[in-house]
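Counting starts at 1 for both ligands and their atoms, following the listed order. Nothing here was measured: the structure is a model prediction, and the numbers come from that model.
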Amino acid sequence: MRFLVMNGVNLASTGKRERGVYGTESLEEIEAELKAFAEVHGHEADFFRSDIEGELCAKLAQADGKYDGVVLNAGAYTHYSYALRDAIAGISTPVVEVHMSNVHAREEFRRKSVLTEVCRGEVLGFGKNSYKLALESFWL
Ligand code: DQA
């Protein structure tokens with residue numbers, strides 16, 4: 001199977017920002033590990049990241065039909081982007097929502113996701129392993 005792992009706003013700063021929350025590894029390092037993880041299980045993973053909401057929406061539309069699944073950490077857009085929600089609802093490729101942190105143990109505004117209802121499922125709270133668990137959900 002072929003997967004697309006997407007990271008949204010501020011995720012490119014992983015490893016530099018709020019290390020106590022998101023860890024010390026860079027997004028490059030995490031992506032390399034996820035690529036190897038997919039390959040070891042006989043799958044392929046591509047990656048896309050953008051801080052720009054419209055670019056994420058456009059990529060989701062492009063990904064439709066080209067991938068078996070999308071793993072999406074939309075960052076703070078998770079909590080208020082109806083545009084991303086509509087983009088996910090508008091494609092038939094399943095999307096799994098991911099968060100590295102346990103958003104339910106943090107600020108009140110992070111408890112609400114406008115994306116979950118249109119996603120196949122959600123994995124959160126396991127650091128970089130949230131991405132691995134989300135990928136695994138497609139082949140388990
Ligand atoms: C995040 C959680 C969001 O609330 C936050 O805005 C992020 C990262 C996570 O991976 O835990 O940027 O999606």
Side-chain angles (χ1 to χ4, degrees):
M1 286 189 274
R2 209 172 152 219
F3 302 108
L4 178 65
V5 179
M6 296 180 60
N7 278 286
V9 64
N10 294 320
L11 273 308
S13 303
T14 302
K16 286 187 218 114
R17 70 160 180 157
E18 297 186 81
R19 288 177 165 171
V21 179
Y22 302 116
T24 54
E25 277 179 84
S26 68
L27 190 57
E28 288 81 0
E29 288 167 332
I30 292 170
E31 285 175 346
E33 194 173 322
L34 295 175
K35 194 169 187 63
F37 179 73
E39 283 172 8
V40 153
H41 289 89
H43 307 291
E44 277 176 53
D46 291 338
F47 298 88
F48 180 80
R49 45 168 113 147
S50 177
D51 281 342
I52 300 166
E53 188 181 20
E55 287 186 1
L56 294 163
C57 294
K59 188 68 183 178
L60 282 164
Q62 284 166 18
D64 195 17
K66 296 202 183 79
Y67 291 94
D68 297 290
V70 173
V71 168
L72 171 65
N73 185 348
Y77 289 143
T78 303
H79 312 299
Y80 63 90
S81 175
Y82 297 122
L84 266 177
R85 180 194 170 105
D86 286 351
I88 296 166
I91 63 173
S92 52
T93 300
V95 177
V96 173
E97 178 182 341
V98 158
H99 301 286
M100 287 189 276
S101 64
N102 177 357
V103 287
H104 299 290
R106 300 180 65 194
E107 299 92 331
E108 181 74 35
F109 74 89
R110 294 187 205 276
R111 294 193 192 152
K112 168 80 184 162
S113 166
V114 299
L115 309 182
T116 313
E117 277 176 2
V118 291
C119 287
R120 176 181 274 187
E122 183 187 22
V123 182
L124 60 91
F126 298 103
K128 65 181 178 184
N129 288 336
S130 291
Y131 295 97
K132 289 187 187 169
L133 292 166
L135 281 170
E136 242 183 353
S137 73
F138 286 105
W139 66 74
L140 281 181

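- The number of heavy-atom neighbours closer than 6.0 Å to CD of E117, taken from other residues, nucleotides and ligands shown, is 12 or below.
- Minimum interatomic distance between A38 and W139 (heavy atoms only, all atoms of both residues): CA-CH2, 4.5 Å.
- Looking at atom 5 (C) of ligand 1, its nearest protein heavy atom turns out to be R110 NH1, 3.3 Å.
- Once rounded to the nearest 0.5 Å, the distance linking NE2 of H41 with CD of E39 reads 12.0 Å.
- Heavy atoms of E18 found under 4.0 angstrom from ligand 1: none, in either backbone or side chain.
- Shown here for V95 and L72, the closest heavy-atom pair between the two residues is CG1-CB, 3.9 Å.
- Close contacts between ligand 1 and R17 involve ligand atoms 7 (C), 8 (C), 12 (O) [criterion: under 4.0 Å to a heavy atom].
- In terms of polar-atom proximity, defined here as any N/O pair under 3.5 Å, V98 makes no such contact with ligand 1.
- Note that CD of E44 is 12.0 Å distant from CE of M1, once rounded to the nearest 0.5 Å.
- At the top of the distance list for atom 8 (C) of ligand 1, counting protein heavy atoms only, stands Y22 OH, 3.4 Å.
- For the ring-ring contact (aromatic ring centres under 6.0 Å, His included) test with F138, the passing option among Y67, Y131, F3 is F3; the others fail.
- When each atom of ligand 1 is checked for a heavy atom of N73 under 4.0 Å away, the hits are 1 (C), 9 (C), 10 (O), 13 (O).
- For T78, the closest heavy-atom approach to ligand 1 does not fall below 4.0 Å.
- Of the protein's non-hydrogen atoms, the one nearest atom 1 (C) of ligand 1 is H99 ND1, 3.7 Å.
- At the shortest separation from atom 11 (O) of ligand 1 among protein heavy atoms lies S101 OG, 2.6 Å.
- Ion pairing of E33 with K132 is present here, as a side-chain N (NZ or NE/NH1/NH2) and a carboxylate O approach within less than 4.0 Å.
- Across M100, H79, E97, heavy-atom proximity to atom 4 (O) of ligand 1 is greatest for H79.
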